[in-house]
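This report concerns only the one structure given below.
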Amino acid sequence: MARFLTIDDLDFSGKTVILRPDFNVPIDPNTGEIVDDSRIREHAETIKELSTKGARIVILAHQGRPGERDYLESLRKHAERLSGILGFKVDYVDDLVGESALEAISKLKPGGVLLLKNVRSHPDEGREAPPEEHARSEIVSKLSRVADIFVLDGFSVAHRSHASVVGFAYTLPSCAGRVMERELKALDRVLEKPEKPFVCILGGAKSEKSTSMIDYFLGKGLADYILTGGLIGQLLLLASGLDLGSVNVKVLEKRGFLKFRNEAVEILRRYNGMVKTPVDVAVDMNGRRIELSVKDLPSEYPIMDIGRRTIDMYKQIISNARSILVSGPLGVYEDERFIEGTSEIYRAAALSGAYCIGGGGDTVAALEKLGLRDRFSYVSLAGGAFIEYISGSRLPGVEALEIAYRRVKHV
Ligand code: 3PG
């Protein structure tokens with residue numbers, strides 16, 4: 001369990017606080033408008049509380065990565081959206097560490113909120129570097145001089161060892177904001193001592209961490225069953241010796257799964273019976289959903305979903321679970337013909353009565369599409385950070401909070 005200070009542990013009255021939320025939100029590429037402000041809404045809770053406590057709040061945030069389509073150097077639209085959510089004006093300055101920024105900070109009144117320019121506009125930021133090095137960066141050293149406390153609220157950026165995430169914990173008293181606190185508590189509930197049986201549902205199309213995640217959950221004795229679908233399900237079928245057909249193997253190769261083939265073979269050998277793979281699949285046969293037993297593979301048609309018998313088998317296991325973690329859809333949920341596996345399995349998880357958590361961009365999008373988001377016990381705001389954390393990786397942002405905790409508690 002990560003140990004860190006929270007907002008309850010520090011006195012914020014009249015203090016200048018550097019707050020690092022994650023305001024990285026979907027942007028309409030044509031208009032530059034914010035499409036979904038869920039993250040801003042969640043962080044607004046922390047901001048409101050700090051404001052009520054009389055803090056002067058300076059927000060450091062990012063939108064996209066320089067050079068990519070969703071990158072915005074100015075965060076003025078984010079400030080406007082935040083003003084609307086908070087119900088009072090949030091100041092914005094198109095500067096980060098220059099005179100205008102420092103002047104705007106000095107003019108903040110207790111309870112006031114100021115958003116600075118995209119922190120990734122500064123070369124110090126988008127670079128992975130050790131926290132001690134980031135503590136000496138221009139961003140951290142200049143802003144630390146005019147601030148009293150650092151609050152890290154963006155769990156979803158905590159996997160980045162960037163200046164605004166890890167640097168301030170070395171220079172200022174630092175604590176977790178409410179979003180960070182909530183995310184860590186919810187995830188630690190299943191990662192520390194999950195109520196058993198604990199079932200993980202793994203799917204999706206992202207290869208990174210998929211085999212190491214399985215190894216972590218089963219190797220540590222956390223999970224009882226891993227139910228697989230999506231491309232990780234297909235990789236495991238391949239590792240079991242099945243020929244999926246060249247069209248499907250090509251997809252696995254393109255999405256970076258094939259390089260984990262040996263790990264997949266080892267997982268099947270080591271955790272025999274605990275890792276469940278599809279017994280049937282749905283393929284796209286010239287626009288029609290056709291179900292095939294895996295015994296009838298290879299197929300010249302692309303595998304798009306798990307089949308009916310697999311759904312029933314997985315639902316049976318889910319019905320006995322006390323804890324469930326969901327990462328990734330079971331099939332191509334964006335296409336109505338192939339949403340069935342994801343729909344039925346997510347619904348079974350949501351209605352099982354187990355403590356049920358999910359996270360990652362596609363999982364959240366699928367939950368939204370199926371109207372199930374509110375039926376899960378907890379849905380993480382994070383994408384990459386969620387995957388890293390549940391795979392057992394130490395997140396630099398969380399480690400920075402732990403360092404700040406140890407400094408105060410002398411442990
Ligand atoms: C996210 O959206 O996952 C975070 O904001 C991190 O963004 P990044 O992948 O560009 O670092």
Side-chain angles (χ1 to χ4, degrees), residues 18-29 32 34-44 46-47 59-75 77-78 81-82 115-131 134 137 139 151-167 176-177 179-180 182-184 186-187 204-210 213 256 327-328 357-368 373 378-391 393-401:
I18 304 286
L19 174 72
R20 176 58 161 114
D22 186 359
F23 280 177
N24 190 28
V25 291
I27 298 286
D28 183 322
I34 293 170
V35 178
D36 172 5
D37 62 9
S38 315
R39 280 185 172 168
I40 302 179
R41 287 185 179 278
E42 297 268 347
H43 290 295
T46 300
I47 297 164
I59 304 176
L60 272 183
H62 77 279
Q63 173 60 58
R65 301 175 191 167
E68 293 194 1
R69 270 164 75 98
D70 62 346
Y71 177 74
L72 295 177
E73 189 153 295
S74 162
L75 298 185
K77 292 209 165 108
H78 297 65
R81 188 61 67 101
L82 180 60
L115 177 59
L116 303 179
K117 179 178 168 176
N118 190 338
V119 66
R120 289 191 177 172
S121 62
H122 194 291
D124 279 352
E125 176 66 9
R127 204 167 51 86
E128 292 285 321
H134 275 317
S137 66
I139 297 176
V151 177
L152 180 59
D153 208 25
F155 172 76
S156 45
V157 282
H159 58 317
R160 304 286 179 221
S161 194
H162 289 176
S164 69
V165 178
V166 298
V179 173
M180 173 68 90
R182 202 166 49 228
E183 292 265 10
L184 289 174
L187 298 185
K206 300 215 174 83
S207 58
E208 289 307 316
K209 304 280 174 190
S210 46
M213 204 187 293
S327 175
I357 69 171
D362 283 328
T363 308
V364 178
L367 284 171
E368 293 270 3
R373 190 174 178 158
Y378 187 77
V379 176
S380 173
L381 285 177
F386 173 80
I387 305 285
E388 296 258 346
Y389 198 66
I390 64 171
S391 311
S393 303
R394 313 247 331 131
L395 305 190
V398 177
E399 286 195 312
L401 287 176

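Order of listing sets the numbers, starting from 1, for every ligand and every atom in it.
Listed by number with element, the atoms of ligand 1 under 4.0 Å from a non-hydrogen atom of R120 are 7 (O), 8 (P), 10 (O), 11 (O). In the vicinity of S156, heavy-atom distances shorter than 4.0 Å reach the ligand 1 atoms 3 (O), 4 (C), 6 (C).
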Stepwise side-chain hydrogen bond (donor to acceptor under 3.5 Å, both in side chains) check, S161 with E128: CA-CA 5 Å; S161 194; E128 292 285 321; 4.7 Å; no
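The proximity of E68 to ligand 1, defined as any non-hydrogen pair under 4.0 Å, does not occur for either the backbone or the side chain. For R39, every heavy-atom contact with ligand 1 shorter than 4.0 Å involves the side chain, none the backbone.
Under a 4.0 Å heavy-atom criterion, H62 is in contact with ligand 1.
For the pairing with H62, the side chain to side chain donor-acceptor pair (under 3.5 Å) check across H162, H78, R20 returns one residue only, R20.
When every heavy atom of R65 is checked against every heavy atom of Y71, the shortest pair comes out as O-CB, 3.2 Å.
Residue contacts with ligand 1: H159 is placed with no nitrogen or oxygen under 3.5 Å of a nitrogen or oxygen of the ligand (distance criterion only).
The shortest distance between side-chain heavy atoms of E183 and Y378 falls below 4.5 Å.
The single protein non-hydrogen atom nearest to atom 10 (O) of ligand 1 is R65 NE, 2.7 Å, given as residue, atom name and distance. Regarding atom 11 (O) of ligand 1, its nearest protein heavy-atom neighbour is R160 NE, 2.5 Å. Of the protein's non-hydrogen atoms, the one nearest atom 4 (C) of ligand 1 is D22 OD2, 3.2 Å.
Under a 4.0 Å N-O distance rule, the pair R120/E125 does not qualify as a salt bridge.
Within the 3.5 Å criterion, the main-chain N or O of D70 finds a donor-acceptor partner in the side chain of Q63.
From N118, atom CG reaches atom CZ of F23 across 12.0 Å, with rounding to the nearest 0.5 Å.
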